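One structure is given here, and the rest of the page talks about it.
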Amino acid sequence: MKDLLLFRHAKAKPAMHGQDDRDRRLGGRGREAALAMARWMRDAGWRPNLVLFSTAVRTRQTAAIALMVLPADRLFGEDGLYLADARTLRARVAAIDPAVDAAMIVGHNPGLEDLARSL
């Protein structure tokens with residue numbers, strides 16, 4: 001793998017009373033920001049051919065918005081990426097097929113930020 005993009009999910013609505021954290025959805029501001037970030041990535045020349053995303057609603061929505069302007073060959077939702085820490089994320093990155101030129105992980109903080117700092 002030559003390039004790794006780390007994309008934290010966009011701004012989500014607060015959880016409603018009794019709502020599971022995994023079910024939180026993006027707000028309007030989050031949808032706009034996800035699209036703007038995806039356009040920035042595209043304009044900067046990033047082209048992920050593999051996208052891995054947490055199965056939480058907000059990360060699935062962020063990935064779907066990004067893929068409107070950043071087409072990818074393969075995408076996989078993975079339960080193990082939900083609130084994953086840097087160590088888990090690093091292990092997942094290490095398991096990516098070396099033939100992949102560019103991968104993007106859509107996930108959560110603090111894990112993504114900690115991974116970025118450790119790299």
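These numbers were taken from a predicted model, which means no experiment stands behind them.
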Item to check | Criterion side-chain contact (heavy atoms from CB on, under 4.5 Å) on Phe7 and Thr62, from CA distance to verdict | outcome: CA-CA 9 Å; Phe7 195 161; Thr62 300; 3.8 Å; yes
Checklist entry - To the nearest 0.5 Å, how far apart are CG in Leu89 and CG in Leu6? => result 8.0 Å
Checklist outcome for this item: Between Ala34 and Ala10, the two heavy atoms sitting closest are CB-CB, 3.9 Å
Item to check | Path from Val69 to Leu26 over hydrophobic side-chain contacts below 4.5 Å | outcome: yes
Checklist entry - Same hydrophobic cluster for Leu115 and Phe76, using side-chain heavy-atom links shorter than 4.5 Å among ILVMFWY? => result yes
Checklist entry - Quick one: are Arg74 and Leu52 in side-chain contact, heavy atoms under 4.5 Å? => result no
Checklist entry - Distance-only, no hydrogens or angles: does the Asp85 side chain make a donor-acceptor pair with backbone N or O of Thr88 under 3.5 Å? => result yes
Item to check | Arg29 atom CZ, neighbour heavy-atom count above 12 within 6.0 Å | outcome: no
Checklist entry - For Asp43, what residues pass the side-chain contact (heavy atoms from CB on, under 4.5 Å) criterion, not counting sequence neighbours? => result none
Next on the checklist: I'd like to know if the side chain of Ser118 pairs up with that of Arg90 as donor and acceptor (distance under 3.5 Å, no hydrogens or angles considered).
Outcome noted: yes
Item to check | Test log, rule side-chain contact (heavy atoms from CB on, under 4.5 Å), inputs Phe53 and Leu81 | outcome: CA-CA 7 Å; Phe53 54 92; Leu81 296 178; 5.6 Å; no
Item to check | Arg24 to Ala12 - nearest heavy-atom pair and separation | outcome: NH2-CB, 3.4 Å
Checklist entry - Cluster question for you: counting only ILVMFWY and a side-chain heavy-atom cut-off of under 4.5 Å, with indirect links fine, are Leu119 and Ile96 together? => result yes
Next on the checklist: Please find the pair of heavy atoms, one from Asn109 and one from Glu113, that lie closest to each other, and give the distance.
Outcome noted: OD1-N, 3.0 Å
Checklist entry - Same hydrophobic cluster for Val106 and Leu112, using side-chain heavy-atom links shorter than 4.5 Å among ILVMFWY? => result no
Item to check | Path from Leu5 to Leu75 over hydrophobic side-chain contacts below 4.5 Å | outcome: yes
Checklist entry - How many angstroms lie between atom CE of Met37 and atom CD1 of Ile65, to the nearest 0.5 angstrom? => result 13.0 Å
Item to check | side-chain contact (heavy atoms from CB on, under 4.5 Å) evaluation trace for Lys13 with Arg58 | outcome: CA-CA 9 Å; Lys13 295 178 181 179; Arg58 61 194 178 273; over 6 Å; no
Checklist entry - In Å and rounded to the nearest 0.5 Å, what is the CG to CG distance from Asp97 to Leu50? => result 9.0 Å
Next on the checklist: Please evaluate residues Trp46 and Trp40 with respect to the criterion side-chain contact (heavy atoms from CB on, under 4.5 Å), reporting the C-alpha separation (whole Å), side-chain torsions for both, the decisive distance (0.1 Å), and the verdict.
Outcome noted: CA-CA 9 Å; Trp46 299 107; Trp40 179 88; 4.1 Å; yes
Item to check | Side chain proximity check, Met68 to Leu35, heavy atoms < 4.5 angstrom | outcome: yes
Next on the checklist: Taking the side chain as everything from C-beta on, heavy atoms only, tell me whether Arg25 gets closer than 4.5 Å to Gln61.
Outcome noted: yes
Item to check | Contact check, side chains of Val93 and Ile105, non-hydrogen atoms, under 4.5 Å | outcome: yes
Next on the checklist: Within the 4.5 Å heavy-atom criterion, are Ser54 and Glu78 side-chain neighbours or not?
Outcome noted: no
Next on the checklist: Can you give me the closest heavy-atom contact between Pro48 and Ala103, atom names plus distance?
Outcome noted: CB-C, 4.4 Å
Item to check | Side chains of Arg31 and Lys11 in contact at under 4.5 Å (non-hydrogen atoms) | outcome: no
Checklist entry - Is there a side-chain contact between Thr59 and Tyr82 (heavy atoms, below 4.5 Å)? => result no
Next on the checklist: When you compare the side chain of Arg22 with that of Thr55, does any pair of heavy atoms fall below 4.5 Å?
Outcome noted: yes
Checklist outcome for this item: Here the gap from Leu4 atom CG to Lys2 atom NZ, rounded to the nearest 0.5 Å, amounts to 14.0 Å
